[in-house]
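Heads up, the thing below is written out as structure tokens.
We count residues from 1, following the sequence as given. A quick note: this is a predicted structure, and the numbers were derived from the prediction, not measured.
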Amino acid sequence: MADLVTDVAASIRDIPDFPKPGILFKDITPVLADSKLFPRVLNWFAEKYRGQGIDRIVGIESRGFILGAALVEALDAGFVPARKAGKLPFETVSVSYDLEYGSATLQMHVDAIQKGQRVLIVDDLLATGGTAAATVDLVRRLGGEVVATTFMVELGFLNGRKRLDVPVSSLMVY
Ligand code: AMP
């Protein structure tokens, strides 16, 4: 586990001032491109949530899609995308939330989660927690029970987990 954190930290690429000045962007694409490391990361998520009766994995656009979809077989749970506004073709439920500048909207299909289903929310990175909190809201609006939110990377200094009233796990914390 310590080895995994070391290897992931060494693989993630820091991009200063992207997408805007002052943000240090954690680029996980080198982890995804590593055929040995990426499966070890997936295994960390799988070991944590296997046997917890997860029915649906919700991945947050867009890097949450990559992680979440890759966990379907290991967790025996179907995948649901939480998408940016205007992308989903069927009837949707929406939630808007504040960003540093302006606001954003996330949507899911109204039939993506059935009442009482146990849901794991997955994304690559937890920053301020606004995106994850909005996704928790969406799942609850459809009657789902959020078992946990889980991330590859957590920016601990932004205190995102304080905004989440569900269990939070992350492979590594900066
Ligand atoms: P937040 O709502 O502030 O927790 O932001 C989380 C979302 O923004 C996630 O989907 C992340 O992929 C993305 N994000 C925020 N900050 C960063 C960062 N420093 N590096 C990479 N992705 C980030």
Side-chain angles (χ1 to χ4, degrees), residues 19 26 28-29 31-32 38-39 41-156 158-173:
K26 297 288 183 186
I28 65 154
T29 61
V31 179
L32 305 178
F38 185 22
V41 170
L42 293 173
N43 199 45
W44 178 83
F45 288 107
E47 284 185 355
K48 219 164 174 52
Y49 293 105
R50 199 180 275 129
Q52 292 203 29
I54 307 289
D55 299 303
R56 291 284 181 270
I57 301 162
V58 170
I60 303 176
E61 186 161 355
S62 60
R63 291 175 294 275
F65 296 173
I66 299 165
L67 299 174
L71 290 167
V72 162
E73 191 173 8
L75 296 183
D76 189 23
F79 178 77
V80 171
R83 297 216 64 179
K84 290 170 183 162
K87 302 285 189 183
L88 288 170
F90 187 58
E91 197 184 328
T92 57
V93 59
S94 305
V95 64
S96 294
Y97 59 102
D98 290 333
L99 295 173
E100 204 176 341
Y101 301 103
S103 71
T105 300
L106 280 177
Q107 299 182 319
M108 288 191 325
H109 277 149
V110 289
D111 61 352
I113 289 165
Q114 308 304 309
K115 275 197 178 43
Q117 281 191 319
R118 289 170 58 78
V119 173
L120 177 67
I121 295 173
V122 182
D123 203 359
D124 66 326
L125 184 138
L126 175 65
T128 66
T131 308
T135 308
V136 169
D137 215 29
L138 274 183
V139 170
R140 287 179 175 159
R141 300 246 303 265
L142 295 178
E145 180 195 338
V146 179
V147 175
T149 55
T150 188
F151 307 88
M152 192 189 308
V153 179
E154 176 178 355
L155 302 183
L158 292 175
N159 293 317
R161 64 169 66 212
K162 291 216 172 108
R163 286 180 67 171
L164 299 168
D165 61 355
V166 293
V168 178
S169 68
S170 53
L171 170 59
M172 57 181 306
V173 183

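Take Asp76 and apply the side chain to side chain donor-acceptor pair (under 3.5 Å) test, not counting sequence neighbours, and it matches no residue. By the salt bridge (Lys or Arg N to Asp or Glu O under 4.0 Å) test, Glu145 is found to be paired with Arg118, residues two or more places apart in sequence or in another chain being considered. Legend: residues meeting side chain to side chain donor-acceptor pair (under 3.5 Å) with Arg140, ordered by chain and number and at least two apart, are Asp165. For Glu154, the side chain to side chain donor-acceptor pair (under 3.5 Å) partners two or more places apart in sequence, or in a different chain, are Arg161, Ser170.
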Side chain to side chain contact (heavy atoms under 4.5 Å, CB included) between Thr150 and Val168, worked out: CA-CA 6 Å; Thr150 188; Val168 178; over 6 Å; no
Step-by-step side chain to side chain contact (heavy atoms under 4.5 Å, CB included) determination, Val93 to Leu138: CA-CA 7 Å; Val93 59; Leu138 274 183; 3.9 Å; yes
Audit row: Thr92, Met108, side chain to side chain contact (heavy atoms under 4.5 Å, CB included) steps and yes/no: CA-CA 5 Å; Thr92 57; Met108 288 191 325; over 6 Å; no
Trace of the side chain to side chain contact (heavy atoms under 4.5 Å, CB included) decision for Ile54 with Val119: CA-CA 6 Å; Ile54 307 289; Val119 173; over 6 Å; no
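With hydrogens and angles ignored, the 3.5 Å screen pairs a side-chain donor or acceptor of Gln117 with a backbone N or O of Gln114. Although no hydrogens or angles enter the test, the distance criterion places no donor-acceptor pair under 3.5 Å between the side chain of Arg163 and the main chain of Thr131.
Within the structure, salt bridge (charged side-chain N to carboxylate O under 4.0 Å, His left out) pairs that include any residue of residues 80-93 comprise Glu61-Arg83 (at least two apart or interchain). For residues 126-135, the set of pairs meeting the salt bridge (charged side-chain N to carboxylate O under 4.0 Å, His left out) definition, not counting sequence neighbours, is empty.
Between Leu67 and Asp124, the closest heavy-atom pair is CD1-CA, 3.7 Å.
Residues Ser96 and Thr105 have side chains that bring a donor and an acceptor to within less than 3.5 angstrom of each other.
The closest side-chain heavy-atom distance from Pro39 to Trp44 is not below 4.5 Å.
For the atom pair OH of Tyr97 and OG1 of Thr128, the computed distance is 8.5 Å after rounding to the nearest 0.5 Å.
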